[in-house]
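Structure first, then comments.
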2 protein chains.
Amino acid sequence: MSLEQIIEADLTWTGEAFEPGVRIKVNEKGVITEVGVFEDAVTTRLAGRALLPGFVNAHSHAFQRGLRGLGESFPKGVGSFWTWREAMYDLVERLDEKLIYELSTQAFREMLASGITTVGEFHYAHHDASESGFAFDEIILKAAAEVGIRIVLLEAYYETGGIGKPLERGQKRFATRSLDEYWAQMDRLEAMIDTSMQSLGVVAHSIRAVPRDTLIALHEESRKRGLVFHMHVEEQPREIEDCLDAYHQTPMAIINESLSVDPRFTSVHCTHTAESDLKEYIEQGGNVCLCPLTEANLGDGLANVPLLMREGGHICIGTDSNSRLCFLEEMRLLEYGQRLRHQERGVCAADDGKLGAPLLTMATMNGARSLGLKAGRIAKDNVADLVSIDLEVPCLQRWEASTLLEGIILGCGNDVISEVCVGGTWHRTRV
Amino acid sequence: MSLEQIIEADLTWTGEAFEPGVRIKVNEKGVITEVGVFEDAVTTRLAGRALLPGFVNAHSHAFQRGLRGLGESFPKGVGSFWTWREAMYDLVERLDEKLIYELSTQAFREMLASGITTVGEFHYAHHDASESGFAFDEIILKAAAEVGIRIVLLEAYYETGGIGKPLERGQKRFATRSLDEYWAQMDRLEAMIDTSMQSLGVVAHSIRAVPRDTLIALHEESRKRGLVFHMHVEEQPREIEDCLDAYHQTPMAIINESLSVDPRFTSVHCTHTAESDLKEYIEQGGNVCLCPLTEANLGDGLANVPLLMREGGHICIGTDSNSRLCFLEEMRLLEYGQRLRHQERGVCAADDGKLGAPLLTMATMNGARSLGLKAGRIAKDNVADLVSIDLEVPCLQRWEASTLLEGIILGCGNDVISEVCVGGTWHRTRV
C-alpha cells in the first residue's frame, strides 16, 4: 500500500505503441484509476525511462532455483528430461523450511529484477521430511510477501508417481492424499492470503500424478469456485505413451473430452500435442503456457506455435525451472526457437506484421488471463504493476520509438530494467 | 600499456577448474608471464570475484548494431534471411564516416561489457558514398582503439553480387576490384595498426562474392603471409544451390578440394553443410564459427554440432549481426538449440561429461585459434585478457566451485560481469 501517485515517464506503452506525455494515476490500493494526458501534478517523474506493463510469469517452480548449474554434467553420455528429474528429486529430499524459503526468495528477487511483477507459482513441493502437513505452502506466500512480488499460488494436486503407480522417494513430499484433504488445505490458504497481492489457483500436476476421475472432480470444483486451473500437459512423449496405454486417449484428448475447458484453463508446455487435439483445445478458449528457456534446457522440443498463432491461441510464458531468470530472453527464445525450426522469421508476428506487441501480450495480458488477474495492461482498473526501462543504457543507444519494443525484446537483458512497480510500490532492481 | 601487475581473485579458471589462491603476473606489455601460487605481493586484489579468460568473438559485423530492432516487422507475412538482407543494405547506403564510427564504438563497448576482450571484425563495408577508397577500414581500427578492445581486422574481399553477377546497390560499398587493390590496402593497414592490440586477417566474403579462381589465389597469398583466413560458408541453402549450378560443387567441397585448409582457416556458419563435406573439412584442421543468436534471429537453422563434437571439430563463436550482445547467452543458445533439435541434453559436453569447460573453450581458446592469437587462456605467454565475474550477484547466490562455470554460462547475463582486463588494462563495464 502507498499514497496516491501520478506517474509519468518519457514514454508509456499504451497497448499498441509507446507514447510520450502519458500520465498514470494510481490509488492508495495500488490500482490504476486513470491513464492519459491530464493536468494533475506528477508525483513520480521517471526521466529517461519508458514504462511497460509488469511481466506476468505464468509458470514457476521457485525451489528449482536450487538446481542452477546442477544436473549439467553428463558422465553417462547425453542426458534427458528424466535424468534431470533425478537431480530435481535429490534437491526435493534436502528441502526444509529454511532452504525452501531461501530458494523461493532468491527466485522471486531475480524475477522482480527481470521485470516480472506477478508469479504463478505452480507449487507441488508441499511437505517437509514428515511428508504431510503442507508446511511449505505458507512459506511460499511468505517469501513472495518478503520480496514484494504479486503471487498466484497454484496449489498442486499430486496423488500418483505415474499412472496407477504409488509415490516414490521425493514424490512423497508432493502428496495430496484425497480431494477432501486438498480442499481443506485450499480453505486454510484462502483464509491466510493477503488478497491485495495474493490469490489462489488449482493445479492437477499432470496426468501422471492425478487419476482421471480425480482430475475431473478437481476441475469441476475449481470451476464452481471460479478459480483458474493449471496442468502440465504433454511435455514429453513418454507421458503421452503412458496415457494412451492406460486410458486409450492422449492427455489433451482427455482434457478436451472430459473437462469443460474455458479461458481459466491453462495447459503448460503442450510440446508434443497433436495438431487436432491442440486445435480443439484452443477453440474452447484454453491457454497454453510455454517455458522457452526451460524447454530448451530440458531438451523437451518445440510446441506448434504456428498453429497457435493461426488459430488465435492464447500463449503465455513461464520461467518454470528458473535455471535462468530473464523474461526478455524468454520472449526472444520463444520466437527464435520457432525461427530455427521453421527457417522463417516473424513466426509470432501479428496480422499487422508487428512482432514486439504480440510477444509482449504473451508476457503480460495473456499471463494475467491465465492467472485470473486484472493485470498486464497499463489501463484503468488494472493493478499498478510496471516495468521501468532505462532508455540510456548502451544496448538501447539509437532507439527510436517505432522500433523500441523490438529493440528491447530482441536486444536487451535484465540490465535495461532499472525499477519495477508492484501494486504502486516501487523497487530498484538493478545490480 | 600499464605497469607490471600481480592479480589475484577469489577464484581463477586454470583450464579445467576454478582454483583459489592463484596469482597472475602481467608484464608492462600486457602479457601474462606467470600463473600459480607464488609469493610476490598482489597489486590487484579482486575480492568476491572469479576470473575467466577474456571471451574471443570470432565473427562480427559491427555496423549491423545499427539494425537493432529493425527489420523485425513482417507486413508481408513471415520473413527470411533475404528480406533481412534488404534492411541491412538500406543501412549500408546510409553509412558515412560518423555513423560507422558511432555504430562500431557502440558495438565494441557492448562487447566489452559482455566479456568479449577480442573481436574478429569481418569487415566488408569498406567505402563511403564514393564507393572506393576504403575510408571505413581505419575507422574500425580507431573505434576499437577508442573502446580498448583487442581487434583482428578481417579484411573482406568482395567482388561479385552473386556468382557471376555484378555488384548492386549497397554492395558497391563492399567492392574490392582486384587482388592487387586488395593486397595494396592490406599493406597500408599493416603499416597502420597498433601491433600490441591489433592484427589483420584475410576474408573471402563468400562463394557468392568471390569467383573461385580469385578465392584460390587469395587463400594462397594469405598462407604465404601466415595470416588467418575467414569465409562465410553455407549459411543458407540458396548459396549451395547457386554454387552447384555454377561450379557443380558445394562451397565446402570447393574449399576442401581447391584450397589447402589448415588450422588458420575458419568457415563461418556451416549451417547446411553436408556431413561428408564437414567431416573432410574438420579432418584438415579447419575451424567452424557458429553465431547462435544471429543464426536464430535470421532463421538460418542449426549446424551439425553432434558431428563437430564427435569428430573433434574446433567450434568458435561469433556475435555476427550484434542484434543482442551477450556472450554467455551465445554459449547457452549454442547448446540449447541442439537440445531442442535432438531432444537430448549435453550435446556439447566433453568426453568426461562436463558441459561448461567445452563451451568456455569455444568462447575463448578456439576463438583465439581461429584468429591466430596467443589468447584465450590464463597461462604464461598469453595476453592478459580477463573477465571478472562478480560472485555476489543474485544470479550466482549459492554457487559452489564445482558447478560455478555451468551456473555462469547457463544462468547468468552481462550483469554478472563487473570488470574486464584487456592486455593488462582494466575496464569497469557494468551499467
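Every chain is numbered from 1 and lettered A, B, ... according to where its sequence line falls, protein lines coming before strand lines.
Between B/Leu404 atom CG and A/Arg68 atom CZ the span is 12.0 Å, to the nearest 0.5 Å. From B/Leu333, atom CG reaches atom CG of A/Leu340 across 6.5 Å, with rounding to the nearest 0.5 Å. Within the model, atoms CG of A/Asp351 and CZ of B/Phe74 stand 14.5 Å from one another, a figure rounded to the nearest 0.5 Å. Rounded to the nearest 0.5 Å, atoms CD (A/Gln343) and NE2 (B/His272) are 4.5 Å apart.
For A/Glu329 and B/Arg332, the salt-bridge test passes: some basic side-chain N is under 4.0 Å from an acidic carboxylate O.
Chain B forms the most heavy-atom pairs under 4.5 Å with one residue out of A/Gly337, A/Gly346, A/Pro75, and that residue is A/Gly346. When the candidates A/Gln236, A/Arg341, A/Arg398, A/Arg109 are compared by the number of heavy-atom contacts under 4.5 Å with chain B, A/Arg398 comes out ahead. Put simply, of B/Ala349, B/Ala113, B/Ser323, the one with the most heavy-atom pairs under 4.5 Å next to chain A is B/Ser323. The greatest number of non-hydrogen atom pairs below 4.5 Å with chain A, out of B/Asn414, B/Asp352, B/Asp300, is found for B/Asp300. Contact tally against chain A (heavy-atom pairs below 4.5 Å) for B/Ala107, B/Cys412, B/Cys326: the top residue is B/Cys412. Note on A/Ala350, A/Gly407, A/Cys395, A/Pro237: by heavy-atom pairs under 4.5 Å with chain B, the leading option is A/Cys395. Across B/Thr271, B/Ile408, B/Leu298, the residue that shares the most heavy-atom pairs under 4.5 angstrom with chain A is B/Leu298. Of the listed residues (B/Glu406, B/Gln397, B/Arg430), the greatest number of heavy-atom pairs within a distance under 4.5 Å of chain A belongs to B/Gln397.
In this structure, chain B has a heavy atom under 4.5 Å from the side chain of A/Leu103, while its backbone stays farther away. Only the side chain of B/Glu110 comes within less than 4.5 Å of a heavy atom in chain A; its backbone stays farther off. When heavy atoms are compared at a cutoff of 4.5 Å, A/Gln106 approaches chain B solely by way of its side chain, counted from C-beta outward. Proximity to chain B is absent for every atom of A/Leu328, based on heavy atoms less than 4.5 angstrom apart. Contact annotation for A/Glu392: neither backbone nor side-chain heavy atoms come within less than 4.5 Å of a heavy atom of chain B. Heavy atoms of A/Trp84 lying under 4.5 Å from chain B belong to its backbone as well as its side chain. Looking at B/Val78, the atoms closer than 4.5 Å to chain A (heavy atoms on both sides) sit in the backbone and in the side chain alike. When heavy atoms are compared at a cutoff of 4.5 Å, B/Glu335 does not approach chain A at all.
When all heavy atoms of B/Leu410 and A/Arg324 are compared, the pair lying nearest together is O-CB, 3.4 Å.
Panel note: side chain B/Arg345, backbone A/Gly71; a donor-acceptor pair is recorded below 3.5 Å. Using modelled atom types, no side-chain atom of B/Arg339 and backbone atom of A/Ala296 make a donor-acceptor pair closer than 3.5 Å.
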Next item on the list: Check the pair B/Thr403, A/Glu72 against side-chain contact (heavy atoms from CB on, under 4.5 Å), reporting the backbone distance first and the verdict last.
Entry: CA-CA 8 Å; B/Thr403 56; A/Glu72 294 292 350; over 6 Å; no
